[in-house]
Amino acid sequence: MQLLVNGETITVNPGDTVSALIQQLGYRGETFAVALNGDFVPRAHYAQVSLSAGDNVDIVAPVVGG
């Protein structure tokens with residue numbers, strides 16, 4: 001199944017969760033936020049929130065500096 005992640009189309013397994021997506025993309029212990037179809041997903045809910053074909057996922061990390 002295909003999703004749009006940060007503007008790029010990627011393929012994930014049907015039934016994958018936000019947590020599975022984060023692991024697939026290689027995020028480990030970093031500070032970031034996730035929005036699914038424009039709605040913020042709390043970190044505590046990553047393992048419970050299932051993804052659907054065509055979902056739009058934004059993963060953003062803070063930028064340090066000025």
Point to revise | Smallest separation among heavy atoms of A61 and T31, with atom names | key: CB-O, 3.6 Å
Point to revise | Pairs satisfying ring-ring contact (aromatic ring centres under 6.0 Å, His included), at least one member in residues 26-62, at least two apart | key: Y27-F32
Practice item. List in chain and number order the residues that pass side chain to side chain donor-acceptor pair (under 3.5 Å) with N37, two or more places apart in sequence or in another chain; answer none if no residue qualifies. Key: D55
Donor-acceptor pairs are to be reported for all side-chain atoms of residues 4-24 against protein atoms at under 3.5 Å, with residues two or more places apart or in another chain.
| unit_1 | atom_1 | unit_2 | atom_2 | d |
| --- | --- | --- | --- | --- |
| N6 | OD1 | I59 | N | 2.7 |
| N6 | ND2 | I59 | O | 3.1 |
| D16 | OD2 | N13 | N | 3.2 |
| T17 | OG1 | S19 | N | 3.4 |
| T17 | OG1 | A20 | N | 3.2 |
| Q24 | NE2 | T11 | O | 3.2 |

Practice item. Look up atom OG in S52 and atom CG in L36, then write down how far apart they are to the nearest 0.5 Å. Key: 8.0 Å
